2 protein chains.
Amino acid sequence: MSERKKRKPGETREKLMSAVLTLVGKGRHFASLGIREVTRQAGVVPTSFYRHFRNMDDLGLQLVDELGLVLRRMMREARENVLQADKLIEESVGIFVSHAQANRSYFLFMAQGLAGESRAIQDGIRSEMRYFASELANDLRRLKMVDHLSDGDLDMTCDLVVRSVAFSLTDLIGVSADDEYQIEQIRKRTCRFLQLIFVGAAHWDR
Amino acid sequence: MSERKKRKPGETREKLMSAVLTLVGKGRHFASLGIREVTRQAGVVPTSFYRHFRNMDDLGLQLVDELGLVLRRMMREARENVLQADKLIEESVGIFVSHAQANRSYFLFMAQGLAGESRAIQDGIRSEMRYFASELANDLRRLKMVDHLSDGDLDMTCDLVVRSVAFSLTDLIGVSADDEYQIEQIRKRTCRFLQLIFVGAAHWDR
DNA sequence: ACAACATGTGAACAAGTGTACACATTAAGC
DNA sequence: GCTTAATGTGTACACTTGTTCACATGTTGT
C-alpha cells in the first residue's frame, strides 16, 4: 500500500461525525439534527452523507462506538493513576471530570442518548455503562476492598456508582465549560455521593 | 359567570399539550417535535398554536409546571400510605413506579428534558427535583430517622436518593409499558439502591 | 496502463416547515 | 344589544428537509 494522497479515506466520515459533536457541543440535541444541517456544518454536500451512513441513527450508533473508546481511555488513565486506595474516589472523580471537559461533546451526546429517540442508541449507551460497571467491579475485587460483598451486591454497588457519576453529566450540561467554580462544586458533590455509597457498601450485610 | 358553551376555554391548549405527551409516549423526543406535527396530532390548525404558546419551548415549560403537579400528587399519596417506617423504601418506590406507569408520558418528558435542548426546561426540571429532595429531607427529619445527620449531609443523601430514582426512569424507557416482569426487576433494583444509600447514611459520620 | 471501485458533486423533486395576515366565530362586560 | 377581546380557521409565502440520479474525480489492485 502506498502513502495517502490529498484526501484521506474516511475524511468526510470523520468530518460528519465531528460536525454532529460540534452541534451537540453548542447545545443542540441529537434528535433535532437533520442530515442537511450536519452536512452543512461539515462543509460537505448533503449527498455525501449517504456514502458513509444510512441515516442519522446509524451515525449515532457509530458515535456510541467512539464514545466507548473515550470511556476506555478514561478507564485506563484511572487505573494508571489511582495507585493508593485512600484517595481512590477523589482521583477517579477528578479524572472523570477532566475527561468530561476534554471530551465535552461526547459526554453530552451520552447524556442525551440515554433518553434519546433511538432505542438502538439507548441500548448502546446502556451497554457501555454496564461494561464500565463490571470493569469497576473487577478492579475493586482486585484491590481487595470489598471482600465481604457477594458478587451480586458488588455489581449492584458498582451499578449505582456508575449511575451517580453519569447523572452528574446533567449537572455539567447546566454550567458553561469554563465555570471552574461550579465544576469544582459538582466534583465535590459527586465525591460525597460515592463516599456515601461506599460507606453503605462497607456496612452492607444480608 | 355563566356555564360554558360547546368549547371550553383552553380546550385547544390542553389538546396541544397532551398531543405533545402522546407523541413523547410513542417514543418521539421532545426536541424533534415541530409545531405543525403537534397541531396535526391535536387535530387543530397550525395557527392555533400561537394563540396559546410563543414556541415549543414555551409549551415545554408549561408541561414542566404540570409535571410539578404530578410529582406533588405522587408525594401526597406517598405521605398518606407510608405510615410505618420499616417498609418505607418498598412502599415509596412502589408508588413511584406505579405513578411512572400511570403518567408514563410525563416521566418520559422529564427524563428527556434533563438533557434536552432547552436550558429553561432543564432548569425547570432540576428545580422540581430539588424541591422534591428537600421535601423528602423534611419528611425524614419528621420521622426521626436521621437524627445523627447534619442538615447538609441529609440534603446530600436525599439528593442522591432522588437522582437514583430519577435515573431509573431511563430504565423504564427501555421496557414496554406492559412488561410486568422487567418493571418488577427495575422496582427491586431501585429499592436495593435506596437501601444501600440509607445504610450509608446510617453509618455516615464526619 | 487499465479496469474496478470508492468517494465527492450538482441539480432536481416532492413534501414538510415556521410564521404572518385577514377573516370568522364565540364568550364576556357594559 | 352592542362592543371588545379571545380563540379558531384558511390561505399564502419563502425556506428547509430527505432522497434520488447522473456524473466527475481520485484511489487501488493487477
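Quick caveat, the model's predicted, so the values are computed rather than measured. So you know, we letter chains A, B, ... as the sequences are listed, proteins then strands, and number each from 1.
- By the 6.0 Å and 45° rule, B:Arg163 does not stack over the aromatic ring of B:Phe193.
- The 5' end of DNA chain C is approached more closely, in terms of each residue's nearest nucleotide, by A:Val45 than by the other of B:Arg54 and A:Val45.
- Atom CD1 in B:Ile183 sits 13.0 Å away from atom OH in B:Tyr181 (nearest 0.5 Å).
- When distances are taken from the side chain of A:Thr47 to each of C:dT9, C:dT7, D:dG8, the shortest belongs to C:dT9.
- Distance CZ (B:Arg51) to C1' (C:dC23): 10 Å, rounded to an integer number of Å.
- Taking atom CZ of residue B:Arg13 and atom P of nucleotide D:dT7, one finds them 10 Å apart after rounding to whole Å.
- The side chain of B:Arg40 lies closest to C:dG16, out of D:dT7, C:dG16, C:dG10.
- Using a 4.5 Å cut-off on side-chain heavy atoms (C-beta onward), B:Leu172 and B:Leu169 make contact.
- Between B:His52 and D:dG8 there is a side-chain polar atom (N or O) within less than 4.0 angstrom of OP1 or OP2.
- When the P atom of D:dG18 is taken as reference, atom CG of A:Asp57 falls 12 Å away, rounded to whole Å.
- A distance-only check finds no donor-acceptor pair linking the side chain of B:Arg28 to the backbone of A:Glu117 [under 3.5 Å].
- Between the CG atom of A:Leu33 and the P atom of D:dG18 there is a distance of 10 Å, rounded to whole Å.
- Side chain of A:Arg126 to backbone of B:Thr170: a donor-acceptor contact under 3.5 angstrom is found.
- Distance from the side chain of B:Ile35 is smallest to C:dG18 among D:dG8, C:dA11, C:dG18.
- When rounded to the nearest whole Å, the span between CZ of A:Phe49 and P of C:dT9 equals 15 Å.
- The CG-P distance, from A:Leu16 to D:dG18, rounds to 13 Å in whole Å.
- In this structure, A:Glu37 atom CD and D:dT16 atom P are separated by 11 Å, rounded to whole Å.
- At the heavy-atom level, A:Tyr50 lies under 4.0 Å from base atoms of the strands shown.
- For B:Arg36 against C:dG18, a side-chain N or O and a base N or O form a donor-acceptor pair under 3.5 Å.
- Look at CD on A:Glu11: it is 14 Å from C1' on C:dA6, rounded to the nearest Å.
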